[in-house]
Amino acid sequence: MSIKRFGYMGFEVADVRAWRAFATARLGAMEASASETEATFRIDSRAWRLSVSKGSADDYLFAGYEVDSEQGLQEVKQSLEAHGVAVRVAGQELLAKRGVLGMIWCTDPFGNRVEVYYGGTELFERPFASPTGVSGFQTGDQGIGHYVLNVPDVDAALAFYTKALGFQLADVIDWTIGEGTTLTLYFLYCNGRHHSFAFARLPGKKKLHHFMLQTNSMDDVGLAYDKFDAERAVVMTLGRHTNDHMISFYGATPSGFAVEYGWGAREVTRDWSVVRYDRISIWGHKFLAPA
Ligand SMILES: [Fe+2]
């Protein structure tokens, strides 16, 4: 598989200032750059991993997937084009903005921007230091985490992300969200992380349901939980997911979608076999009404 990891993410947000406070003081990310209209944040040795750009959507803006070389980029480009996807090649301005050596981008069947790049910028000379003392985030070969999109057509999503982009299906969860209402969540992987991307046809208009960051210590999750709880910003209590075994909670972001903050996930193995579940969690993950 050419795509190796989920490497960065961008959000369009109405309140950049609120996000700067949120990303640093709640998530424990380190601010890398900031202006009135944009900000970027670090969670490891890379120059940036999360980005916010001012706009009215308060939603997903782009996801960036990493390949290891120019050859990997060309392989993904060929696969996309073979599946009838229009591919754009990033120019110098965009490459400089992302801090990468090469990049192509396209949109999924629903207009969501997907970028594929290689040659991200490493800043070992400026070590990551969390402003809240997070011991570290699980990134490296597993990428930065995962995100979940609300899509209008799960079959079209599955075809695009598995056939054109080359992700593997890890499992599905039939999630009963109310009397007689069951959604099917699809979880996709591109490395050892159980899922880098998941999707479902969800109620509501927002495209992004949540994004997830994984810390190196359970105490990082507990300490963040207390910070969210103090602001009545926990939207789902601590729990452990059935499929990736992540212990996590969900918190509100300034943009209405959620952040999952977790630790302790298991990884997919080489002989992984697709299964299905009837529950999203082994225990916990109870919804709390927002304050
Ligand atoms: Fe998640």
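For ligands, and for the atoms within them, numbers begin at 1 and follow the listed sequence.
- The other members of the hydrophobic cluster of W48, by chain and number, are Y8, L61, F62, L94, L95, V100, M103, W105, Y117 (side-chain heavy atoms under 4.5 Å, ILVMFWY only).
- For the pair H209 and F257, the tightest heavy-atom approach, listed with the atom from each and the gap, is O-CB, 3.6 Å.
- The other residues sharing a hydrophobic cluster with M212 are M246, where clustering joins ILVMFWY side chains under 4.5 Å apart.
- Salt bridge status for R46 with E122: present, with a side-chain N to carboxylate O gap under 4.0 Å.
- Taking a cut-off of 2.8 Å, the protein N, O or S atoms nearer than that to the Fe ion (ligand 1) are H146 NE2, H210 NE2, E260 OE1.
- Note on E66 versus K4: no salt bridge recorded, every NZ/NE/NH1/NH2 to OD/OE distance being 4.0 Å or above.
- Annotation: side-chain contact (heavy atoms from CB on, under 4.5 Å) contacts of Q71 (sequence neighbours excluded): S69, E75.
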